[in-house]
Q: 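The structure under discussion is supplied below as structure tokens; questions concerning it will follow.
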Amino acid sequence: MRFRTERLASGAHCTEAIKDLEAMHQGWSEYGLDISFIEGQALRDLSGTDAYKTATVVKSGGCIQPLSYSRELARVATEQGADIYSCSPAISVTPDNRQWQVTTPAGKVTSDWVLFCTNGYTDDTLKGLKQTIVPLISVQAVTRPLSDAEYNAILPEGHTLSDTRRVIYYCRKDNHNRLLFGSLGMSEQCNAADRKRLHKAIHHVFPQFSAADLDVYWGGRLAFTPEVLPHLHEPAPGILAGLGYNGRGWQWVPSWAGFWPNGYRKSP
């Protein structure tokens, strides 16, 4: 698994958004986070773009390769005795004495605990759960392999960059001389409208790139909540649901892993 420990930068997309960054800076600073402001030429040097005049930088921030991360979680889980069945959706979850029976297209499983970790892919298997979140689509594209000169001119210190737009722009570099660029969209297949939006977005932030420079497109679902905080539900004894990570699931979920279910009853 590859985790990049370079810093996280968040740019103000307009003058009014600077107030949001100031509020975020004040709030997180009170909790001891090492967060600072950067402006002008220093921001230009750090980001490789003139699209933002003011940004915050979090030294402890970074980015992760999500597929590598998922594979590593699967490896550790299987080493601990877990069995993983892909393409095996839960059709129903019903009581079975003091346990729960999960029915799939190919069979049934009985367990003391059932964990719903469905986030943006939540359906009606657990009644009412889908209504607790707002599913959104994140779309991304990756450039062709860039020349060393092109690659080094963008985010030269390896920062991950995002901004304050409600429909956010975000980007990072990978270790194959490519730039990944994303935003919110309408289709997991990254339809024509989504691609057009990504073309416009990347050209706005990095004018040296156009639609012809984007090579592969994809999308996936996020789950947002009205409070912009994750939810943990216990609709019945033996059933837990954790979802609504607001685009930060890989940070939240590992911190909860040792908490539930074994530690759930012991918590205050």
Side-chain angles (χ1 to χ4, degrees), residues 1 63-78 80-96 98-140 167-168 170 182-191 194 218-265 267:
M1 182 179 67
C63 64
I64 199 166
Q65 213 291 351
L67 180 57
S68 296
Y69 179 60
S70 298
R71 287 170 172 165
E72 183 68 4
L73 289 178
R75 183 190 66 79
V76 173
T78 54
Q80 297 298 314
D83 294 322
I84 299 174
Y85 295 92
S86 60
C87 302
S88 182
I91 298 173
S92 66
V93 178
T94 54
D96 185 9
R98 295 187 178 182
Q99 295 180 304
W100 294 94
Q101 187 176 86
V102 181
T103 301
T104 76
K108 298 179 179 180
V109 178
T110 302
S111 175
D112 293 332
W113 285 93
V114 177
L115 309 183
F116 282 80
C117 309
T118 45
N119 208 43
Y121 297 86
T122 301
D123 58 17
D124 293 315
T125 303
L126 181 59
K127 185 178 180 180
L129 186 61
K130 184 171 68 174
Q131 285 70 41
T132 66
I133 54 98
V134 178
L136 297 177
I137 302 294
S138 175
V139 292
Q140 298 182 48
V167 183
I168 190 173
Y170 57 91
S183 184
L184 296 181
M186 298 183 292
S187 166
E188 291 177 72
Q189 290 70 44
C190 199
N191 62 25
D194 292 331
W218 67 95
R221 299 186 200 175
L222 309 173
F224 278 70
T225 62
E227 312 85 358
V228 200
L229 289 172
H231 291 179
L232 180 60
H233 303 281
E234 186 187 21
I239 290 185
L240 286 176
L243 73 170
Y245 299 110
N246 302 280
R248 299 175 179 87
W250 72 265
Q251 297 156 297
W252 278 102
V253 174
S255 66
W256 285 7
F259 172 68
W260 50 296
N262 293 332
Y264 184 69
R265 301 291 182 189
S267 63

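Small disclaimer: the values here were computed from a predicted structure and weren't measured.
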Q: Under 4.5 Å between any side-chain heavy atoms of L243 and H233, yes or no?
A: yes

Q: D194 side chain to G185 main-chain N or O, any donor-acceptor pair under 3.5 Å?
A: no

Q: Look at the side chain of S88 and the backbone N and O of Y85, then say whether any donor-acceptor pair between them is shorter than 3.5 Å.
A: no

Q: Please name the pair of heavy atoms, one in I91 and one in T104, separated by the smallest distance, quoted to 0.1 Å.
A: CD1-C, 3.7 Å

Q: Can you tell me how far the CZ atom of R75 sits from the CD atom of Q80, to the nearest 0.5 Å?
A: 9.5 Å

Q: Give a yes or no answer on whether the side chain of N119 reaches the backbone of C117 with a donor-acceptor pair at less than 3.5 Å.
A: no

Q: When you measure from the side chain of Q189 to the backbone N and O of N191, does any donor-acceptor pair fall under 3.5 Å?
A: no

Q: Please give me the minimum heavy-atom distance between P105 and P89, naming the atom from each residue.
A: CD-O, 3.2 Å

Q: For V139 and C190, which heavy atoms make the closest approach, and how far apart are they?
A: CB-SG, 3.9 Å

Q: Report the residues that fulfil side-chain contact (heavy atoms from CB on, under 4.5 Å) with T78, sequence neighbours left out, ordered by chain and then residue number.
A: I84

Q: For residues G120 and P135, report the shortest heavy-atom separation together with the two atoms involved.
A: O-CB, 4.0 Å

Q: Taking Q99's backbone N and O only, do any of them form a donor-acceptor pair with D96's side chain (distance below 3.5 Å, no angle check)?
A: no

Q: Inspect the contact between K130 and D124 and indicate whether a charged nitrogen and a carboxylate oxygen are less than 4.0 angstrom apart.
A: yes

Q: Among L126, I133, T125, which residue satisfies the side-chain contact (heavy atoms from CB on, under 4.5 Å) criterion with L129?
A: L126

Q: Using side chain to side chain donor-acceptor pair (under 3.5 Å) as the criterion, list what pairs up with R221, not counting sequence neighbours.
A: E188

Q: Taking all non-hydrogen atoms of both residues into account, name the closest pair between V167 and S183 and its distance.
A: CG1-OG, 3.7 Å

Q: Give me the atom names and distance for the closest heavy-atom approach of L136 to F224.
A: CD1-CD1, 3.4 Å

Q: Please check this pair: side chain of T118 against backbone of Y121, looking for a donor-acceptor N/O pair closer than 3.5 Å.
A: no

Q: With the side chain counted from C-beta on, respond yes when F116 and T122 share a heavy-atom pair under 4.5 Å apart, and no when they do not.
A: no

Q: Is there a side chain to side chain contact (heavy atoms under 4.5 Å, CB included) between W100 and T94? Walk through the geometry before answering.
A: CA-CA 6 Å; W100 294 94; T94 54; 5.7 Å; no

Q: Kindly write out the residues that satisfy side chain to side chain donor-acceptor pair (under 3.5 Å) with Q101, not counting sequence neighbours, or none if the list is empty.
A: none

Q: With side chains defined as the heavy atoms from C-beta onward, is the minimum distance between I137 and M186 less than 4.5 Å?
A: no

Q: Would you check if there is a donor-acceptor pair between the side chains of Y245 and T225 at a distance under 3.5 Å?
A: no

